[in-house]
Amino acid sequence: MLDALTVAVAVAALALAAWCGFAAYRDQPTKDWHFIGMAVVSVLALAQLLVGIVQLARGERPGQGMTIFIAYLIGAFATVPAAGFLSLSERTRWGSVTVAAGAVVLAVLEVRLYDIWGN
C-alpha cells in the first residue's frame with residue numbers, strides 16, 4: 001500500500017469527523033458542504049481501493065492474508081458513503097453524529113489496513 005495515501009485518507013477522515021462533530025455540537029444536521037467533504041474522502045478511499053487492487057494484481061501480497069485485506073479495503077471504501085446515506089434519513093444533529101462516527105471508523109480502518117499490509 002502507499003503509505004502517503006493511507007495517511008491522507010486517515011487525516012481527511014478525521015478532519016471530516018471533527019467538522020461533522022462540530023456541526024452536531026451546534027445542533028445542526030448535515031448540509032451540502034458536509035456532503036462535499038464526504039465526497040472528497042470517498043474519492044480518496046476509492047483511490048486507495050484501486051491502488052490496493054492494482055498491487056494485488058501485480059502479485060504483491062499483504063502480510064496478514066489477502067482475504068482480510070480485501071474485506072477491510074472494501075469496508076473502508078463503503079464506510080463514509082453508508083454514513084452519508086444514513087444521515088440523509090436523519091435530518092437532525094444525529095445525522096451529523098452518524099457521519100462523524102463513520103469518519104472515525106474509516107480512520108481506524110486505515111490504521112488496520114496499514115497493519116494488515118505488513119508495514
Under a 4.5 Å side-chain heavy-atom rule over Ile, Leu, Val, Met, Phe, Trp and Tyr, are [X] and [Y] clustered together?
{"X": "Ile68", "Y": "Val105", "value": "yes"}
{"X": "Tyr72", "Y": "Val54", "value": "no"}
{"X": "Val104", "Y": "Tyr114", "value": "no"}
{"X": "Ile116", "Y": "Met66", "value": "yes"}
{"X": "Leu16", "Y": "Tyr25", "value": "no"}

Determine the minimum heavy-atom distance between [X] and [Y], stating which atoms define it.
{"X": "Gly37", "Y": "Trp19", "value": "CA-CZ3, 4.1 Å"}
{"X": "Ala12", "Y": "Val41", "value": "O-CG2, 3.7 Å"}
{"X": "Met38", "Y": "Ser87", "value": "CE-OG, 4.5 Å"}
{"X": "Leu86", "Y": "Ser89", "value": "O-OG, 2.7 Å"}
{"X": "Val97", "Y": "Ala24", "value": "CG2-CB, 3.5 Å"}
{"X": "Leu73", "Y": "Leu113", "value": "N-CD2, 3.8 Å"}

Quick one: are [X] and [Y] in side-chain contact, heavy atoms under 4.5 Å?
{"X": "Leu14", "Y": "Glu110", "result": "no"}
{"X": "Phe69", "Y": "Gln64", "result": "no"}
{"X": "Leu49", "Y": "Leu46", "result": "yes"}
{"X": "Leu56", "Y": "Ile70", "result": "yes"}
{"X": "Ser96", "Y": "Thr30", "result": "yes"}

Measuring from atom [atom1] of [X] to atom [atom2] of [Y], what distance do you get when rounded to the nearest 0.5 angstrom?
{"X": "Leu109", "Y": "Ile74", "atom1": "CG", "atom2": "CD1", "result": "12.5 Å"}
{"X": "Arg61", "Y": "Trp117", "atom1": "CZ", "atom2": "CH2", "result": "8.0 Å"}
{"X": "Lys31", "Y": "Arg91", "atom1": "NZ", "atom2": "CZ", "result": "9.0 Å"}
{"X": "Arg93", "Y": "Thr98", "atom1": "CZ", "atom2": "OG1", "result": "11.5 Å"}
{"X": "Phe35", "Y": "Cys20", "atom1": "CZ", "atom2": "SG", "result": "8.5 Å"}

For Arg58, what residues pass the salt bridge (Lys or Arg N to Asp or Glu O under 4.0 Å) criterion, not counting sequence neighbours? Glu60

I need the full list of ring pair (Phe, Tyr, Trp, His ring centres under 6.0 Å) pairs touching residues 74-111, with sequence neighbours left out, sorted by first then second residue. none

